Amino acid sequence: MNKHLVPRVAAIHDLSGYGRASLTVVIPILSSMGIQVCPLPTAVLSSHSGFPGFHMVDLTENMDQMINHWKDMGLSFDAIYSGYLGSSRQVDIVKQFMRDFRKESQLIIVDPVLGDNGKLYSAFGQDMVDEMRRLVEEAHIITPNLTEAAFLLGKEYSPEIDAREITAWARELAGMGPDIVIITSMPERSQPHKTAVLAWNKTDNRMWKVSCDYLPANYPGTGDAFSSVVTGALLQGDSLPIALDRAVHFISMGVRATFGYKHSPADGILLEKVLPYLNAPVPVGSYQLLD
Ligand code: PXL
């Protein structure tokens, strides 16, 4: 029996008790989209690392035994989707997991979680950047934000970067292994009230862009939500540009549902208010094919 009754994803992310990031975002989104999520937690934290004083339990030493049990059970996955790692040593574990559980027509998505707004997250150092470069080689799809793209390529981060240069970055990242590179939080220099997502598919040589309105707030966990919707949409059979449209539209709705309240951005977007929209059709798509 190879075919699962519903698509099944191994989700290799941390569990942060407070702050709507990682597994507390990945699980509700994929479950709402009719996908079975099997978490392989990388760490357990009291909150995401944006809150000072968070307590973290690194699960590096436990992952192999959990994986061995999954092997004994004969489990298989339609997608393997990784995000925030508990230590740079986990890259070897995750790479081996991807090799051991590889199967036909499977999706391997690596969200190379490293940082945002030009800075690494507080728990990470250069070792995580170096190791994440090796994990990216294993993926079909990667979803860095602009900061993570810069770290992976060893380039200077600048919010002023122009679109041409980002397209070159996407191609360069695809040269590291992945078929599809999706770069999020791309500034639109000519339109300061817009932000965009760029995607390069090297298997058909097409570059896509999806723009949306920008609101001046930074919510942790939106990258996790974005990559999760892309993963769910692709597993549902959507094309890449439609998956991007759905993810951009969903995040925009989440930000808009949150922004009007007096609300601390560190608490994340009010995901609970918008989850039902994952099952509604996207009203108007806005993807563009770039030449
Ligand atoms: O959303 C990315 C993320 C995931 N996990 C943890 C984080 C963050 C971002 O701050 O701190 C623990």
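Indexing begins at 1, ligand by ligand and atom by atom, following the structure's order. What's counted below: heavy atoms across the whole structure, side chains too, no hydrogens, waters or symmetry copies. These numbers were taken from a predicted model, which means no experiment stands behind them.
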Each residue besides V57 in its hydrophobic cluster should be listed here, by chain and number; the cluster joins Ile, Leu, Val, Met, Phe, Trp and Tyr at side-chain heavy-atom distances under 4.5 Å.
V44, L59
Counting only heavy atoms not in K194, do more than 12 sit closer than 6.0 Å to its NZ atom?
yes
Mind checking whether Y84 and F124 have ring centres under 6.0 Å apart?
yes
Atoms of ligand 1 under 4.0 Å from any heavy atom of S49, numbered from 1 in the order shown, are 7 (C), 10 (O), 11 (O), 12 (C)
Does Y121 reach ligand 1 with a nitrogen or oxygen that is under 3.5 Å from one of the ligand's nitrogen or oxygen atoms?
no
Backbone or side chain, does any N or O of H48 fall under 3.5 Å from an N or O of ligand 1?
no
Distance from atom 1 (O) of ligand 1 to nearest protein heavy atom, with residue and atom:
D224 OD2, 2.6 Å
Between ligand 1 and S16, is the shortest N or O to N or O distance under 3.5 Å?
no
Pick one of side chain, backbone, both or neither for how D116 approaches ligand 1, counting any non-hydrogen atom pair under 4.0 Å.
neither
Out of I109, N145, I141, which residue meets the side-chain contact (heavy atoms from CB on, under 4.5 Å) rule with I182?
I141
Does the separation of the ring centres of H48 and Y121 fall below 6.0 angstrom?
no
Whether G221 lies under 4.0 Å from ligand 1, heavy atom
yes
Looking only at the side chains, is there a donor atom on one of H4 and D78 sitting less than 3.5 Å from an acceptor on the other?
yes
Students should be able to answer this: which protein heavy-atom is nearest to atom 5 (N) of ligand 1, and at what distance?
D14 OD1, 2.7 Å
Report the nearest protein non-hydrogen atom to atom 7 (C) of ligand 1: residue, atom name, distance rounded to 0.1 Å.
Y84 CE1, 3.6 Å
Is Y214 reachable from V197 through a run of hydrophobic residues whose side-chain heavy atoms are each under 4.5 Å from the next?
no
